[in-house]
2 protein chains.
Amino acid sequence: MNINEAIDLLKEKGYKTTGKRKEILAYFEKADGYRTAKDLIQFMESRYKGISFDTVYRNLHLYNKVGILETTELNGEKQFRMNCTHHHHHHFICNDCGKTKKIEVCPMDEVQNTLAEYAIEGHKFEIYGLCPVCQSA
Amino acid sequence: MNINEAIDLLKEKGYKTTGKRKEILAYFEKADGYRTAKDLIQFMESRYKGISFDTVYRNLHLYNKVGILETTELNGEKQFRMNCTHHHHHHFICNDCGKTKKIEVCPMDEVQNTLAEYAIEGHKFEIYGLCPVCQSA
DNA sequence: TTGTAAATAAGAATGGTTCCTATTTGCGGA
DNA sequence: TCCGCAAATAGGAACCATTCTTATTTACAA
C-alpha cells in the first residue's frame with residue numbers, strides 16, 4: 001500500500017483528508033517497518049508542534065481499521081507498519097531498527113487438522129532478531 | 001512442572017519458600033492455561049487480604065526467570081502459565097478461558113535457510129480461538 | 001534462638017493509551 | 001465563493017498495567 005492508495009481508500013470510506021493524515025502516511029511509507037506511536041508522535045512534533053496524542057492514536061486506529069496499517073505488540077507497546085496487502089504472509093522483525101522481511105511460510109496448513117474441534121480466530125507467527133545491517137552496526 | 005518440582009527448584013537456587021509463593025504455584029497448577037497478573041491478584045486477595053501488587057509481580061517475574069512460568073502478551077497484558085518443560089512446542093490459546101493446547105508443529109525448521117544472513121533471537125507462533133468447551137458455552 | 005538477607009506492604013510513580021470537552025477545519029451544498 | 005455542519009483536533013485529565021521506593025516483617029542458616 002502506498003500513500004495514494006491509502007488516501008483514496010480514506011476518501012472512499014468518507015474520511016477527511018488532512019495534512020496530518022497525509023504526514024502520517026508519508027512517515028510510514030518511508031519507515032518500511034514497525035514503528036511505535038511514540039516514534040510517530042516524535043516525528044509529528046517536529047512538523048506540527050503541540051500535536052495531541054489523541055490525534056496520533058486516533059489515526060493509527062483508524063488506519064488499522066481500514067487496513068492501511070497492520071499492527072503487532074512488542075514489550076507492551078503497539079507497533080504499526082504499512083499493510084502489505086495482496087497475500088497472506090508473516091514477518092521477520094528486526095529488534096533494532098524495526099524493519100521487516102517477508103516470510104512466505106505459513107504453518108497453519110499443517111496445523112488445521114490437529115485443531116478440528118477448535119474454532120480458530122487468528123494466529124501469529126513472528127521471528128525476532130537482527131537484520132544484516134544492524135548486525136554489522 | 002508441578003508444585004513440588006517448582007519448590008525444589010526455588011530452594012536449589014536459594015530462594016525462600018513462603019506461603020504466598022506456594023499459593024501462587026497452586027493457583028497456576030490448577031489454572032492449566034494462561035492467566036493475567038490481575039487474575040492472580042484477585043485470587044490472592046481472597047487468601048491474603050491486602051497483598052501488594054508488588055509481591056505478585058515480583059514473584060511472577062522470578063518464576064519466569066527461573067523457568068517455572070512461561071509468558072506471552074495478549075491485548076497489552078502479560079499472561080502467565082506453568083511451564084511445560086521437556087521439548088520445544090507452541091500453543092493454541094483459548095480467547096475465552098485461556099486454556100492451551102500443544103501444537104507440535106514448529107515452522108522454524110522450514111524458515112531457517114531463507115534467513116541465512118539474519119541473526120535469529122526468538123520467534124513466536126500462537127493460534128487463537130475458542131476451545132471446544134467455550135464454543136458450546 | 002538470633003542475626004541478617006530476603007520478602008513483603010503500602011502506595012506513589014511511570015509509561016502507554018484512552019477519554020472528555022471545547023475549538024478548529026475539511027468539504028459538500030447553496 | 002461562501003456557509004454550515006459533521007468530522008477532526010488540542011489540551012490535558014483519566015485510566016490501567018506495571019514498576020519503584022521505603023519501611024517493616026519474615027524465613028532460615030548458624
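Note that the coordinates shown come from a computational prediction; the quantities given were computed from them, not determined experimentally.
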If you only use heavy atoms from C-beta on, which nucleotide in D:dT19, C:dT18, D:dA17 is closest to the side chain of B:Lys38? D:dA17

Dump the intermediate steps for side chain to side chain donor-acceptor pair (under 3.5 Å) on B:Glu29 and B:Tyr27, then the final yes or no. CA-CA 6 Å; B:Glu29 179 161 82; B:Tyr27 176 75; over 6 Å; no

Test: A:Lys20 cationic atom under 6.0 Å from A:Tyr48 six-membered ring centre, within 45° of axis: yes

May I ask you to say what B:Arg21 touches in the nucleic acid, namely base, sugar-phosphate or nothing, with a heavy-atom cut-off under 4.0 Å? sugar-phosphate

If you assign B:Gly50 and B:Tyr15 each to the DNA chain C nucleotide with the nearest heavy atom, which residue ends up on the more 5' nucleotide? B:Tyr15

Distance check needed: C:dT18 P versus B:Glu77 CD, whole Å only. 13 Å

Within less than 4.0 Å of OP1 or OP2 of C:dT18, is there a side-chain N or O belonging to A:His61? yes

Ignoring backbone atoms, establish whether B:Tyr57 has a side-chain N or O less than 4.0 Å from OP1 or OP2 of D:dT18. yes

B:Lys124 atom NZ, neighbour heavy-atom count above 12 within 6.0 Å: yes

Atom NZ of A:Lys11 and atom C1' of D:dA8 are separated, to the nearest Å, by 16 Å

Residue A:Lys78, side-chain atoms from C-beta onward, closest of C:dA5, C:dT17, D:dA7: C:dT17

Proximal nucleotide (of C:dT17, D:dG11, D:dT18) relative to the A:Asp54 side chain: D:dG11

Out of C:dA7, D:dG11, C:dA10, whichever nucleotide has its closest atom nearest the side chain of A:Ser52: D:dG11

For D:dT9, does OP1 or OP2 lie under 4.0 Å from any side-chain N or O of A:Arg58? yes

Residue pair A:Phe53/A:Asn59 against DNA chain D: nearer the 5' end by closest nucleotide is A:Asn59

Quick one: label B:Thr17 by what it contacts on the DNA or RNA (base, sugar-phosphate, nothing), any heavy atom closer than 4.0 Å. sugar-phosphate

Nearest whole Å is fine: how far is D:dA27 C1' from B:Lys22 NZ? 11 Å

Would you kindly compare B:Thr18 and A:Lys49 by the position of their nearest DNA chain D nucleotide and give the one closer to the 5′ end? A:Lys49

Atom CE of A:Met44 to atom C1' of D:dA10: distance rounded to whole Å? 13 Å

Expressed in angstrom and rounded to an integer, what is the separation of B:Leu62 atom CG from C:dA7 atom C1'? 11 Å

Is there a donor-acceptor contact under 3.5 Å from the side chain of B:Asn2 to the main chain of B:Asn4? yes

Whole-Å distance, A:Tyr48 OH to D:dG11 C1', equals 18 Å

What pair of heavy atoms forms the shortest contact from A:Leu60 to A:Ala37, and how long is it? CD1-CB, 3.8 Å

Without decimals, in angstroms, what is the distance between A:Phe80 CZ and C:dT17 C1'? 10 Å

Is it the case that the side chains of B:Asn95 and A:Glu121 hold a donor-acceptor pair, with the cut-off being a distance below 3.5 Å and no angle test? yes

Expressed in angstrom and rounded to an integer, what is the separation of A:Tyr63 atom OH from D:dA8 atom C1'? 11 Å

Looking only at side-chain N and O atoms, does B:Lys20 come under 4.0 Å of OP1 or OP2 in D:dA27? no

